[in-house]
Every structure is written in structure tokens, then in C-alpha cells.
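Structure record follows, encoded as C-alpha cells.
In what follows, every chain begins at residue 1, and chains take the letters A, B, ... in the order their sequences are listed.
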Amino acid sequence: MLKIYNTLTRRLEPFKPIDPNNVRMYVCGMTVYDMCHIGHARVLVVFDVVFRHLRHLYGPEHVTYVRNVTDIDDKIIQRANEQQVDIDTLTGRYIEEMHKDAAALNVLPPTFEPRATRHMADIIEMIQALLDKGYAYRADNGDVYYDVSRFEHYGQLSGKNPEDLRAGARVAVDEAKDDPLDFVLWKAAKPGEPAWDSPWGPGRPGWHIECSAMSTHCLGEHFDIHGGGLDLQFPHHENEIAQSEAATGEHFVNYWMHVGFVRVDEEKMSKSLGNFFTIREVTARYQPEVLRYFLLTSHYRSPLNYSDVQLENAKGALTTLYTALRGITPAGEADLDDPLARRFLDALNDDFNTPEALAVLFELAHEINRMRSDDPAGAAGRATLMLRLAELLGLLYQAPEDFLRGGSGEGGPSDAEIEELIAKRNEARKNRDFAEADRIRDALAEQGVILEDGPEGTTWRRE
RNA sequence: GGCUGGGUGGCAGAGUGGCUAUGCAGCGGCCUGCAAAGCCGUGUACCUCGGUUCGACUCCGGGCCCAGCCUCCA
């Protein structure tokens, strides 16, 4: 039985889908005005594991995963102006880059990936519904705002109470708002800004209403899981609840999931602090799978400290797993009733405890290593299970040799050159010229190539 | 100031009221021409002060410290 920690209730709850034949999840995706960083990668990878596990539990065709793209906002407009391109060109470019990053990280494409600018009709319709029901008002400056005071449960997701928020309001109160907590649904266009027609004049939507409209359009008024980074809990998700429940009269979402921050030197990684690393920067130095592994080494709600030491650690761990699989041909069906399989699945069922799941993979790797010489068939069976389980984490998807030889080979010897040197070395070994053999091995080691002599011959890998 | 979450071994990171997490690194041994990999073994933990308990790292309370939200942010 899957249990999920629900931010809304601050409790671990059994997961009961509204419709087991169509489990529905919405995750707030990227605002596409720049390259994705490691914080974005964590959200992509964590919800990819959630998606994979839900597909495993309910069947691949019974899970609908929506991850939106925010392709209109202040920063996009600003960046497009800076680069002298129209916003579609800019956002198109970064959506493409995001897709490359996601693919590199072995993140499955979501079922739908709606873009705000392609859902203007839905957005406008929802704003109109809020106006009609008295939850929104038009301000003197042409903007449309949500009237927070009308929504009884405001603050329930983030555990905030509106009075405290008003007392602590740090931002200069916008003259146009009736209440500092009110937030914009529709921004009247300023000269030179991209704009869409609406009953309230040309303008563009506020960020929050986009997600309410897109999620409702794709998943209906009431769905199972809504996720995102922890920084979206307030105000974004709080506002989504206020909008959607006011507009539809339905309970919006059953389970809210929030991913913890990636930190650098004990500080949140973020654009505004400038302490971020892009996915592209990291994958230039480490294989993408190393990054994916690293992101799964801590529980998704815990903070995750980013550092090179951690990535080296991840690389070493993944090397251990792939080394166990090397030279083994998986055979047969994976037995998911096996005690280790159960432990693995129990871990994922326990609010997606990926560190515990990873521990099981190492136990299987050890079994394979113990069995490989005396019981090849048994080892092959364990390998089959290991790969089947790893697939739920989106790991171990490469051929072992490809991973092991795919290290940082920049500028080093080519595969062919390595093979040639190994042949030379083996010739020397045959002649018991160990000085020469060691010289070749040391020379290769200098260049990041590790040789391993085994009963089946010499294998190699890149560090 | 209001509200969250957290403090576990050299590092990272799960977890449990009494029973080996796991990975990386270390140490001893086996294997190896020597290594590497692998296997066997092994050391080092649970912020602090009280309380509950036969027994607490694990539950309760105080303290200290860290991170985050209250403003755009995954």
C-alpha cells in the first residue's frame, strides 16, 4: 500500500486514487527563460520516480501525469527584450533545452505538457468564473485581482493565517489592491508588452491562475496529486487552491507533495542567490546518470547538499552497481515477490524512500558478485531482478560497459588505442615482462583508464 | 516577529523503543605476478538537559544550533 506524505495534512496518508483507472498528477514545471539548474533537476527526477512507481502500481495506461510549462511572465518578457527576440522564440529555445536535460536524466516525458500561452481561453474562463462568483474584482489600473478575504480556507496548505500575513506584509502595498494578500489574476498590458485579448482588455495572466486553469483543463476539477518544489507551497499552491476551489466549488487536490531544496554550502540553490549550477554544467563533467543517482540518494523531502564530493560518491556507487552487472546476461522474469524485491517496493511505497530502495540494489549487487563464478544462472536471475527494480528509479539503464567506459575520457586515449595497449601489455605479461606490463598499466592509469585482470581476460574502465 | 522542517559514525544518508541500513573513504585477510575489481572480517554514530520506560538515537518537554517560508523562485 502506497503512503504519501501530504503537505496539506502534514501526515503520512494511505494513497487512495479517486479513480484507479486514471490516477492523475500535476506538477508545476519550469518557467522557461533560462537553462534548468540542479533544483529543477531534482523536481524532474523525483516526480519521474513517482510517475514510474504509480505506473507500476496502477498500470502504465492508468496514470496521467501533467507537467506544465510557464511560458509567459515578467522574466520571460525581460529576457526576450534583452535578447531582442520574441517570447515564443525565447521560450521555444529553452523548452527544447529543458527537454534535452530531461532526456539526458532519463526522465520520462509527462503525459501532457501544457503551455500557458496555449491555454488562454481556459485561463480567461476561470477568471471570469471567479468574477461572476464574487471572488475577484477589477481594479482601477485595469488588473483583475483575487479577493483573498472571500476564501475561507486561505492559508491551510502553508499553515499561515491571513492576519499574520497582513501584519508581516513586507512588500509595499500595491495601491490597486484592496488587500495586500490579494494577488493578480490578469495583468493589463503595458505598452510594448505581449498581450492577449480578454473581456477586461488586452493583458496577460498571473502565474497562479495558469496552473489552476491548465490542471483543471487536463485533469478535471478534482484530482489526486499536485506537486512541485517546496518554494511553491506558498504562495503559488495556496493561491491555486483558492482559485480552483472558488471557481469550481470542488475540492481541488487530495495529496500535495513538495520536494526539498538543493543546497550549496548549506544555503538554498536559487536563481536570485546566483549560487546555482545548471544541469548542463554538471553533465559536462559527470555522466547524467551520476547526477540522477545523486538526486535520489536522499529522501525527496530532505534538503540535499550539492557538492563535488557528493557527485564523486555517486559515481563510485554507480560504478559498484554496474561492475556487478558487467559480463552478466540477465535471464528470465523478475520475481517481485522475492524478499529483496518486496523490501525495495515497500521502500517506494513508504513515501518514495529512494535511499532505502538504493540500499536494496547494493544487496543484489553483492549477491551477484558472490554467485557469479559458482552459480551463473543464479547471478543472471538476480541481475534481472536488479534491473527490473532499478528501472523504477530510472537507473541502470545503460549497458554496463557503456557506463564504465563512459567516464571523463576527454582528451584521453580512444577505445581502440586502449585495446591496442592492452594487447601489448598482455603480450608482455605472457612473456613475464611485468615491468613493461606495469608500465603500460600505469601509463593508462595516468590518463584515467583503469585495467582489471580477470579470469576472462583484461577489462577496462574510465575513472 | 509568525510559521515549517531538521540536528545520526571521517563524509553522505536511511531507519528503529531492545536485533548489521546502505554508499564512499579506512583497517586486516583471501584472491592476484603485482594491482584493480570482488569476497570475508572490522572500527568509528545517533546536538544538549530533563522526563516516561525494565530499556530511548528512536516517545514527551526545555535549551542550543542549522535550513526554509512569510517577496519572484523547483
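Side chain K75(A) to base rC73(B): no donor-acceptor pair is found below 3.5 Å. D453(A) contributes a side-chain N or O that forms a donor-acceptor pair with the base of rC34(B) under 3.5 Å. Scanning atom types as modelled, no donor and acceptor separated by under 3.5 angstrom connect the side chain of R263(A) and the base of rA67(B).
Side-chain nitrogen and oxygen atoms of S302(A) include at least one within less than 4.0 Å of the OP1 or OP2 phosphate oxygen of rA14(B). Listed pair S270(A) / rA74(B) fails the phosphate criterion, with no side-chain N or O lying under 4.0 Å from OP1 or OP2. Of the side-chain N and O atoms in H366(A), one or more sit less than 4.0 angstrom from OP1 or OP2 of rC39(B). At rC24(B), one or more side-chain N or O atoms of T320(A) fall inside 4.0 Å of OP1 or OP2 (strictly under the cut-off). Remark: N369(A) is in phosphate contact with rC39(B), judged by side-chain N or O atoms under 4.0 Å from OP1 or OP2. For the OP1/OP2 pair of rC40(B) and a distance below 4.0 Å, the side-chain nitrogens and oxygens of R370(A) include at least one atom meeting the criterion. Note on K160(A): every side-chain N or O is 4.0 Å or more away from OP1 and OP2 of rU4(B).
Within 4.0 Å (heavy atoms only), R79(A) reaches no atom of the nucleic acid at all. Residue contacts for F434(A): at a heavy-atom cut-off of 4.0 Å it reaches a base atom on one of the strands shown. Residue Q233(A) is classed as having no contact, given no heavy-atom separation below 4.0 Å to the nucleic acid. When heavy atoms are screened at a 4.0 angstrom cut-off, A359(A) is found touching base atoms of the nucleic acid. Using a 4.0 Å heavy-atom cutoff across all strands shown, D438(A) reaches at least one base atom of the nucleic acid. Residue T31(A) is in sugar-phosphate contact alone, with no base atom involved, counting any heavy-atom pair closer than 4.0 Å across all strands shown. Residue contacts shown for V27(A) are absent, as no nucleic acid heavy atom lies under 4.0 Å away. Within the nucleic acid shown, G29(A) comes within 4.0 Å of sugar-phosphate atoms alone, with no base atom in reach, counting heavy atoms only. H37(A) comes within contact range of at least one nucleobase, with a heavy-atom separation under 4.0 Å. G228(A) comes within contact range of the sugar-phosphate backbone alone, with a heavy-atom separation under 4.0 Å but no base atom that close. At the heavy-atom level, I450(A) lies under 4.0 Å from the strands shown only through sugar-phosphate atoms.
Taking a cutoff of 4.0 Å between a charged side-chain nitrogen and a carboxylate oxygen, D308(A) and K315(A) do not qualify as a salt bridge. Ion pairing between E367(A) and R370(A) fails under the 4.0 Å rule for side-chain N and carboxylate O. A salt bridge links R425(A) with D453(A): the closest approach of a Lys/Arg side-chain nitrogen to an acidic carboxylate oxygen falls below 4.0 angstrom. For the pair D438(A) and R441(A), the salt-bridge criterion is met [side-chain N within less than 4.0 Å of a carboxylate O].
The residue among H40(A) and A365(A) whose nearest nucleotide of RNA chain B lies closer to the 5′ end is A365(A). RNA chain B is contacted by both R429(A) and R343(A); R343(A) maps to the nucleotide lying nearer its 5′ end (nearest heavy atom per residue).
The side chain of P355(A) has rG13(B) as its nearest neighbour among rG13(B), rA37(B), rC39(B). Considering only the side chain of P235(A), rC70(B) comes nearest among rA74(B), rC70(B), rU22(B). Minimum atom distance to the side chain of S298(A) is reached by rA14(B), of the listed rA74(B), rA14(B), rC70(B). Distance from the side chain of S272(A) is smallest for rC72(B) among the nucleotides rA74(B), rC34(B), rC72(B). Of the listed nucleotides (rC34(B), rC69(B), rG23(B)), rG23(B) has the atom at the smallest distance from the side chain of N313(A). Taking only side-chain atoms of R10(A), from C-beta outward, the nucleotide of rG33(B), rU22(B), rG5(B) with the closest atom is rG5(B).
Both the sub-6.0 Å distance and the 45° axial angle are not jointly satisfied by R67(A) relative to the ring of F47(A).
In a base pair of the Watson-Crick type (N1 to N3 plus N6-O4 or O6-N4) or a G-U wobble (N1-O2 and O6-N3), with each distance short of 3.5 Å, rA35(B) is matched with no nucleotide. Pairing of rA74(B), defined by two Watson-Crick or G-U wobble distances under 3.5 Å, is not identified with any nucleotide.
The gap from the C1' atom of rG15(B) to that of rG6(B) amounts to 16 Å, rounded to the nearest Å. For the C1' atoms, the distance linking rA37(B) with rA21(B) amounts to 24 Å, nearest Å. For the C1' atom pair drawn from rU48(B) and rG41(B), the interatomic distance equals 36 Å after rounding to whole Å. Across the C1' atoms, rA74(B) and rG38(B) are found 41 Å apart, a figure rounded to whole Å. Spacing between rC24(B) and rA36(B) at atom P, rounded to whole Å, works out to 15 Å. Distance noted for atom C1' between rA14(B) and rU22(B): 8 Å (whole Å). Comparing the P positions of rG13(B) and rU8(B) gives an interatomic distance of 9 Å, to the nearest angstrom. Annotation: rA45(B) and rC57(B) have their C1' atoms spaced 8 Å apart (nearest Å).
Screening I225(A), L157(A), L232(A) against W256(A) for a side-chain contact (heavy atoms from CB on, under 4.5 Å) leaves a single residue, L157(A). The side chain to side chain donor-acceptor pair (under 3.5 Å) test with S158(A) is passed by exactly one of H237(A), E238(A), Q233(A): E238(A).
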